[in-house]
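The structure appears right after this line, and notes come after that.
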Amino acid sequence: MAKGLTSRSESFPEWYNELVRKADLAENSAVRGCMVIKPYGFAIWELMRDQLDKMFKETGHVNAYFPLFIPKSYLSKEAQTVEGFAKECAVVTHHRLMNNPHGEGVVVDPDSKLEEELIVRPTSETIIWSTYKNWIQSYRDLPILINQWANVVRWELRPRLFLRTAEFLWQEGHTAHATADEAIDETLTILDIYKRFAQDFMAVPVLPGVKPLHEKFPGAVDTYTIEALMQDGKALQSGTSHFLGQTFAKAFDVTFLSHENKQEYVWASSWGVSTRLMGALIMTHSDDEGLVLPPLLAPFQVVLIPLYKKDDEKEKIMEFSIQLEKDLRARGIRVKLDQDEQKRPGWKFAEWELKGVPIRIAIGSRDMENNQLEFARRDTKEKFFVPMEERFDRIEGLLKEIQDNLFNRALKFREENTFQANSWEEFQALIEKGGFVYAHWDGTTETADKIKDETKATIRCIPEGIAEVGKCIYSGKESGQRVVFAKAY
RNA sequence: CGAGGUGUAGCGCAGUCCGGUUAGCGCAUCUGCUUUGGGAGCAGAGGGCCGCAGGUUCGAAUCCUGCCACCUCGACCA
């Protein structure tokens, strides 16, 4: 049992908070709502980022960078964007400080007031489309497939590490196309990348689908989402891909001359995933002993713990350990040899479990004599001995096995917590239990609002291809298909 | 932004009701010895503007007033 880690059954939110801190992922900062991502946590984010970046580039996207500050007037050009983000924007009003004429410290120089205030970007559609206007004249300039890795600020009143912070890191893709079909294709291509990334790398099963209109991104025609189910039965929106239609092209007057020699508005998509994915990763796999990481995203896939008492033992053990570290590294495995002499082995075992390292190998004199190594896998907590000559094959095999096991385990959990509700009473009971609930809905925002008021459940997404006629569980009106309800983060 | 709560050592807390020795405990830190295959034991040591500013009092962590910060719960959100 990890020292001082609250169990999930005792309090899931507390468990999460303590885990994030104790596993050295992140901590609160001096600025309310902003987090410090610590090196170990950032290493995981870097692995996610590198993989996503690779997938974007494989599908023809390029990276660029747009400014942090957005002129206030840009936001007012697109009415829905204002409505969506106005309540959570940080605003820059001055550009200079001065020594306090009445005392200690510095004050804002009143003479440095900006003529036009600047908004710290909550998302970059407006500044990007005001730029695309200059880049696009003819169909020959299309498509534009740009992504940027950036920080954004949304002034949150109730922050939680990784899940909801005032500043967060993300990528935002912004594409421009000649036709609606092309933009929709792009939107769905990215949704598929997100799904594959979540499932194949994070080992997190996700449910792709489209958001109902009242849950979509302001300014989008359609918002697609991947929804994941956390261990406490709550859903986490883990990525979104928007078909923006011509909303931003019209707001910023971005037109192109088509094949047919006609001026037409450009079609758009935008899409993003953020450091919130860290929250999904943690809340999907981890247990009461700490973090559990899928091998593909583990900063260290294998940790080596040397065990020795006397100095003559130490020399032999260390020589072997250093060689094993080199051999594993040469095979492309991320490995950590824990050489800390201040800490005892038991402490190290617990510490690396807390940090979620998939495979631990203990190396002691007894093992040397028996020509074997003691393996421990983090996901199942099994311990077993591996003959020396099999060590490389077993490590490589185990990493794949653990990756698969985590996904299958999470998928099984989701299946066991996915239900169908056919009456209002049934729906209420199932939502109270937690999990995904498939139910008929009459398609109106009014009904969705009432369901939310009474149960706190929202429509997470409308999955594709499950057409089935039925009656709305709340209003009893006609419904063309089931939608997925859950309580959400 | 509404409603509650909490600010005491790096972290977690007791003490505050009912004012009165040198403000205490656990973890962490430092020193020494013994330990080292599942978060070591013993002995010793260091560390505090008791959130901030006023007030009451011979005397304030403790009582009063104001401010600030953080946490939990609601409304909003990736």
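Note on naming: letters A, B, ... go to the chains in the order of the sequence lines (proteins, then strands), and numbering restarts at 1 for each one.
- Ion pairing between a basic and an acidic side chain is recognised when a charged N comes within 4.0 Å of a carboxylate O; A:Lys355 and A:Asp24 show such pairing.
- Between the side chain of A:Arg164 and the base of B:C77, at least one donor-acceptor pair of N or O atoms lies under 3.5 Å.
- Figure legend. B:G24 is base-paired to B:C13; pairs are counted as Watson-Crick or G-U wobble with both atom distances under 3.5 Å.
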Chi angles and distances behind the ring pair (Phe, Tyr, Trp, His ring centres under 6.0 Å) call for A:Trp271, A:Phe56: CA-CA 11 Å; A:Trp271 27 274; A:Phe56 296 149; 5.1 Å; yes
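- In summary, A:Arg366 and A:Glu374 do not engage in a salt bridge, as defined by a charged side-chain N under 4.0 Å from a carboxylate O.
- Under 4.0 Å is where a charged nitrogen must lie from a carboxylate oxygen, and between A:Glu341 and A:Lys314 at least one such pair does.
- B:A75 and B:G2 have their P atoms separated by 16 Å, with the value rounded to a whole Å.
- A:Ser274 comes within 4.0 angstrom of a nucleotide base, judged by non-hydrogen atoms across all strands.
- Each of A:Ala166 and A:Ile363 lies near RNA chain B, and the nucleotide nearest A:Ile363 is the one positioned closer to the 5' end.
- The shortest heavy-atom contact between A:Leu5 and A:Asp288 is CD2-O, 3.3 Å.
- At a threshold of 4.0 angstrom between heavy atoms, the contacts of A:Phe168 include nucleobase atoms, whether or not backbone atoms are also involved.
- With a 6.0 Å cutoff to the six-membered ring centre and a 45° limit on the axis angle, A:Arg164 does not count as a cation-pi contact of A:Tyr489.
- Of the residues near RNA chain B, A:Ser365 and A:Lys343, the one whose nearest nucleotide (by heavy atom distance) lies more toward the 5' end is A:Lys343.
- Atom C1' of nucleotide B:C77 and atom CD of A:Glu167 are separated by 17 Å, given to the nearest angstrom.
- With hydrogens and angles ignored, no donor-acceptor pair closer than 3.5 Å exists between the side chain of A:Arg344 and the base of B:G37.
- Residue A:Glu156 is classed as a base contact, given a heavy-atom separation below 4.0 Å to a base.
- Across all strands shown, the partner of B:C63 is B:G55, judged by Watson-Crick or G-U wobble contacts whose two distances both fall under 3.5 Å.
- Nucleotides B:A61 and B:G24 have their C1' atoms positioned 12 Å apart, rounded to a whole Å.
- In this structure, of B:A78, B:G37, B:C76, it is B:C76 that holds the atom nearest to the side chain of A:Lys452.
- The 12-atom threshold is not exceeded at CD of A:Glu464, counting heavy atoms of other residues, nucleotides or ligands nearer than 6.0 Å.
- For the C1' atoms, the distance linking B:C30 with B:A14 amounts to 25 Å, nearest Å.
- Rounded to a whole angstrom, the distance from the P atom of B:C27 to that of B:A40 is 12 Å.
- Within the shown strands, B:G2 is the pairing partner of B:C73 under the Watson-Crick or G-U definition, both distances less than 3.5 Å.
- If you measure from atom CE of A:Met283 to atom C1' of B:A78, you get 12 Å, rounded to the nearest angstrom.
- Using N1 to N3 plus N6-O4 or O6-N4 for Watson-Crick, or N1-O2 and O6-N3 for G-U wobble, each under 3.5 Å, B:G7 pairs with B:C68.
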What pairs of nitrogen or oxygen atoms, one from the protein and one from nucleotides 72-74 of chain B, lie under 3.5 Å apart?
from  : atom 1 : to       : atom 2 : distance (Å)
B:C73 : OP2    : A:Arg158 : NH2    : 2.5
B:G74 : OP2    : A:Arg158 : NH1    : 3.4

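- A:Leu163 comes within contact range of at least one nucleobase, with a heavy-atom separation under 4.0 Å.
- When the C1' atom is compared between B:G20 and B:C25, the two are found 22 Å apart, to the nearest whole Å.
- Across the strands present, B:A45 finds its partner in B:U29; the criterion is a Watson-Crick or G-U wobble pair with both atom distances under 3.5 angstrom.
- The pair A:Asp287-A:Lys381 counts as a salt bridge, with a side-chain nitrogen and a carboxylate oxygen less than 4.0 angstrom apart.
- Among the nucleotides B:G37, B:C77, B:A78, the one closest to the side chain of A:Glu88 is B:C77.
- Considering all non-hydrogen atoms of both residues, A:Arg391 and A:Phe375 come closest at O-CZ, 4.2 Å.
- For B:A40, the paired nucleotide is B:U34, the pair qualifying as Watson-Crick or G-U wobble because both relevant distances are below 3.5 Å.
- Taking the C1' atom of each, B:U16 and B:A60 are spaced 11 Å apart, rounded to whole Å.
- Proximity of the aromatic rings of A:Trp441 and A:Phe427 is defined here by a centroid distance below 6.0 angstrom, and this criterion is not met.
- Residue A:Thr165 is classed as a base contact, given a heavy-atom separation below 4.0 Å to a base.
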A:Gln51/A:Phe201 under side-chain contact (heavy atoms from CB on, under 4.5 Å): CA gap, chis, key distance, verdict: CA-CA 8 Å; A:Gln51 179 55 36; A:Phe201 290 84; 3.2 Å; yes
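- Residue A:Asp367 contributes atom CG, which lies 13 Å from atom P of B:G37 at whole-angstrom precision.
- Contact annotation: side chain of A:Lys383 to base of B:G37, donor-acceptor pair absent below 3.5 Å.
- Rounded to whole Å, the separation between the C1' atoms of B:G15 and B:U22 comes to 16 Å.
- Between B:G59 and B:A3, the distance separating the two C1' atoms is 38 Å to the nearest Å.
- Here the C1' atom of nucleotide B:C71 and the CD atom of A:Glu14 are 11 Å apart, to the nearest Å.
- Rounded to an integer number of Å, the gap from A:Glu227 CD to B:A78 C1' is 10 Å.
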Atom pairs under 3.5 Å, N or O on each side, protein against nucleotides 10-12 of chain B: can you list them with distances?
none

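- Between A:Phe66 and A:Tyr132, the ring planes are perpendicular. Angles over 60° get that label, and only those under 30° would be called parallel.
- Straight-line distance from the CZ atom of A:Phe162 to the C1' atom of B:C77: 19 Å, rounded to whole Å.
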